[in-house]
Amino acid sequence: MSEQVATDIFIKDLERVAQVRSEISVCLNKLVEIINTAELAGDSSSGKLSLERDIDDITVASKNLREGVFRLLVLGDMKRGKSTFLNALIGENLLPSDVNPCTAVLTVLRYGPEKKVTIHFNDGKSPQQLDFQSFKHKYTIDPAEAKKLEQEKKQAFPDVDYAVVEYPLTLLEKGIEIVDSPGLNDTEARNELSLSYVNNCHAILFVMRASQPCTLGERRYLENYIKGRGLTVFFLINAWDQLRESLIDPDDVEELQAAEERLRQVFKANLAEYCYVDGQNIYDERVFELSSIQALRRRLKNTQADLQGTGFPEFMGALNTFLTKERAIAELRQIRTLSRQAVNHILEAVARRVPLLDQDVNELKKRIDSVEPEFNTLTTIRDQFQKEIFNTRDTQARTISESFRSYVLNLGNTFENDFVRYQPELNLFDFLSSGKREAFNAALQKAFEQYITDKSAAWTLTAEKDINTAFKELSRSAAQYGASYSQVTDKITEKITGQNIKVNATIPSEDDNSPAWAKWAMGLLSLSKGNLAGVALAGSGFDWKNILLNYFTVIGIGGIITAVTGVFLGPIGFALLGLGVGFLQADQARKELVKTAKKELVKYLPQVAQEQSQVVYDAVKECFDAYEREVSKRINDDIVSRKSELDNLVKQKETREINRESELKRLKTLQEDVIAQLQKIEAAYSNLLAYYS
């Protein structure tokens, strides 16, 4: 399959997904319109059905469908050809391809009818628009200047938050957005900036280079920030064509094949563990050998050029499968669940209303009074679940903050072994040369920063797993409380109407009859377009991972490093100066460095553990508090709407004579209209499913 064919298929599939999204969004908007019209009409008939929550949820879902894009995050070390890859994807030499670490500006590439760049600042200054040449010129600096800024620990553009590149590219127009991040070997603070985008992207494109297979920095990043976090990663091994140039005889086919096979084995040994989904090995669907420069050259001559042999057709095919056949289906399945739930809720409200149209107002009041104990029971169920959430919160906050405290205090016990991997770039004899001492200190501090952030990341993964387990337990509890809640609401309906109300059997129902709030608490409903890391509740509109990230970046960079690095370089320096000069003493100098670094580190660990464990406690607490606030609000909304539904009817009966036949006709029309919209949603979803099956 040629690149053009692969791209055409991808574009066609993206168009199909966009069309289905649009169709379903229109149906959702129509549902809102139908409900609003019915509620307005209810004011002059039998009263509103109190469907505000359904209106709000459907409105949010429709908005997210309209605005939804597939967001891809491009990660990779410096000089791996990320910009060349993106330029090849675009078909134009658009992005700066020689950006140094201190000049790297996080860039969001999205569709726009005209080519333009907008620089967004972090100091309150209004965004600035630039043409592409100005963008390249202004945000690319001389390597010598970049090196100087790095040594001085200054940023070239400290006031720049990110850049948005708009471009009239078909791929972008059909719903793709690309985030091009700074390099992984940049400052730790910038690495954290990249991390903040990870949870809000559908997939990561991790760009590597064939001539530098799996460097220490890349392995470090994958181990600490990718592994075990449920992320979808495509590994793009760039400059694969340059392998031939490294051979003694580039035309020797057997030598080339042997070299390629050896290289493939190296990458497979390092990347295979990141290519398992539910125990299934999908290495061939996640790792691709690319020749971006060849692809770019061909596309600059002809945007429709055949890119066979560059790896792009295979990669585009796999990305297409993941985004349109997997992610889109999962997203729309959530919307279908929401739609079914809303329509069933409306049908239930109508079914409860019809038997009460002939009811005498005094008798109706008497029946409403009779179910007060049941409404109190609903409140009790809410309070019980709330109490369980708070208990879980307090336990997890205490346990995890104590875990962090113990972890930090234990760093001294493992430091000598752990710090070994961060020493290769440290030339100890540079310290003994006064002209190189400043550079040595900078390298030592960077090594220590990497050590701290990696240890912090390793701990956060453990914390995330513990929190994830706790939320899974709460999800199971939500199902149980939801079942009890439904039994009570069924009893209320039966006592009020004198009937056992069943909704239209033709409407598909989910596997359980949990109320809407319980489905949300169980993570079965999606009202957000954000967190896609695949953890519990990630799609439910409740994003606890980003809550943690906001806190833990403070721990990783601000908390420990600030507390320690500013004070321990001096004592290390004195220790090394006392050793004198001599090749045979290099090993002793290294041991002395680690020994002194450990001694200084241990001094400050109790202070760090004490201060930052409170930050951890607050972070975990906020995760569960955010969850509780939304759950309680949804339960309260449900209870209030059920009471209002009855109060509205009583109020209408007290003030006017209700025309039963007219009202039956109106309510029947409401039922038919919402069912019709749901059927359209079901058909659109089923057709997309059938196309990909």
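Residue numbers run from 1 in the order of the sequence given. Here the structure is a predicted model, which means the values were calculated and not measured.
- Partners of Glu388 according to the salt bridge (Lys or Arg N to Asp or Glu O under 4.0 Å) rule, which considers only residues two or more places apart in sequence or in another chain, do not exist here.
- Looking at residues two or more places apart in sequence or on another chain, you find a salt bridge (Lys or Arg N to Asp or Glu O under 4.0 Å) between Lys633 and Asp637.
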Would you sort out whether Phe288 and Leu205 count as a side chain to side chain contact (heavy atoms under 4.5 Å, CB included), showing the intermediate values?
-> CA-CA 11 Å; Phe288 298 91; Leu205 309 183; over 6 Å; no
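- Take Glu177 and apply the salt bridge (Lys or Arg N to Asp or Glu O under 4.0 Å) test, not counting sequence neighbours, and it matches Arg71, Arg110.
- Among residues two or more places apart in sequence or in another chain, the ring-ring contact (aromatic ring centres under 6.0 Å, His included) test is passed with Tyr274 by none.
- Counting heavy atoms from C-beta on, the side chains of Glu628 and Arg393 never come closer than 4.5 Å.
- Scored by the side-chain contact (heavy atoms from CB on, under 4.5 Å) test, Asp383 finds Thr379, Gln386 as partners (sequence neighbours excluded).
- Put simply, the side chain of Thr232 reaches to within 4.5 Å of the side chain of Arg286, judged on heavy atoms.
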Give the intermediate values and the outcome of side chain to side chain contact (heavy atoms under 4.5 Å, CB included) for residues Leu89 and Ile178.
-> CA-CA 11 Å; Leu89 193 65; Ile178 300 170; 3.7 Å; yes
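- Glu464 and Asn468 share no donor-acceptor pair across their side chains, judged by distance under 3.5 Å alone.
- When the options Lys268, Arg209, Arg264 are evaluated for a salt bridge (charged side-chain N to carboxylate O under 4.0 Å, His left out) with Glu289, the one that passes is Arg264.
- The heavy-atom pair separating Leu461 from Lys227 by the smallest distance is CD2-O, 3.5 Å.
- Contact annotation: the side chain of Asp466 never approaches that of Thr399 to less than 4.5 Å [non-hydrogen atoms, C-beta and beyond].
- Met208 is not listed as a side-chain neighbour of Pro213, based on a closest heavy-atom distance of 4.5 Å or more.
- Checked by atom type and distance alone, the side chain of Ser401 pairs as donor or acceptor with a backbone atom of Ala397 at under 3.5 Å.
- Phe70 and His202 have perpendicular rings, their planes meeting at more than 60° on a 0 to 90° scale where under 30° would count as parallel.
- In this structure, CD on Gln480 lies 10.0 Å from CE on Met522, to the nearest 0.5 angstrom.
- Atoms CD1 and CZ, from Ile226 and Phe206 in turn, are 6.5 Å apart once rounded to the nearest 0.5 Å.
- Within the 4.5 Å cutoff, side-chain heavy atoms of Asn413 are placed close to those of Asn410.
- The structure places CG of Leu474 at 4.5 Å from OG1 of Thr392, a figure rounded to the nearest 0.5 Å.
- For the residue pair Lys125 and Asp159, the shortest heavy atom distance occurs at NZ-OD2, 3.5 Å.
- Put simply, the side chain of Ile467 reaches to within 4.5 Å of the side chain of Val620, judged on heavy atoms.
- Nearest heavy-atom pair, Phe322 versus Ala203, reported as atom, atom and distance to 0.1 Å: CE2-CB, 3.8 Å.
- Using modelled atom types and a 3.5 Å distance limit, the side chains of Gln610 and Arg405 yield a donor-acceptor pair.
- Residues meeting the salt bridge (Lys or Arg N to Asp or Glu O under 4.0 Å) test with Arg629, sequence neighbours left out: Glu622.
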List the steps, then state whether salt bridge (Lys or Arg N to Asp or Glu O under 4.0 Å) holds for Glu630 with Arg634.
-> CA-CA 6 Å; Glu630 185 65 23; Arg634 286 176 173 270; 2.9 Å; yes
Can Val602 and Lys598 be said to form a side chain to side chain contact (heavy atoms under 4.5 Å, CB included), step by step?
-> CA-CA 6 Å; Val602 169; Lys598 174 184 174 180; 4.1 Å; yes
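- Smallest separation of non-hydrogen atoms from Trp240 and Glu260: NE1-OE2, 3.2 Å.
- Contact annotation: the side chain of Tyr481 never approaches that of Val631 to less than 4.5 Å [non-hydrogen atoms, C-beta and beyond].
- The side-chain heavy atoms of Val160 and Phe121, taken from C-beta on, include a pair separated by under 4.5 Å.
- Distance check, rounded to the nearest 0.5 Å: CD of Glu273 to CG of Leu271 gives 8.5 Å.
- Between Phe315 and Phe85, the ring planes lie perpendicular to each other; the angle is over 60°, past the 30° to 60° tilted range.
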Which is it for Arg220 and Glu223 under the salt bridge (Lys or Arg N to Asp or Glu O under 4.0 Å) test, yes or no, and what are the steps along the way?
-> CA-CA 5 Å; Arg220 170 188 167 240; Glu223 176 71 21; over 6 Å; no
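- Phe390 and Phe624 have their aromatic ring centers separated by at least 6.0 angstrom.
- When all heavy atoms are compared, the tightest approach of Tyr407 to Lys455 is OH-O, 2.8 Å.
- The two atoms that bring Arg80 and Asn238 nearest to each other are O-ND2, 3.2 Å, heavy atoms only.
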Before giving the answer on side chain to side chain contact (heavy atoms under 4.5 Å, CB included), spell out for Leu323 and Leu72 the whole-Å C-alpha distance, their side-chain angles and the decisive distance to 0.1 Å.
-> CA-CA 10 Å; Leu323 291 180; Leu72 309 176; 4.2 Å; yes
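- Between atom CG of residue Leu290 and atom OG1 of residue Thr84 there is a gap of 11.5 Å, rounded to the nearest 0.5 Å.
- Atom CD1 of Ile400 and atom OG1 of Thr395 lie 10.0 Å apart (nearest 0.5 Å).
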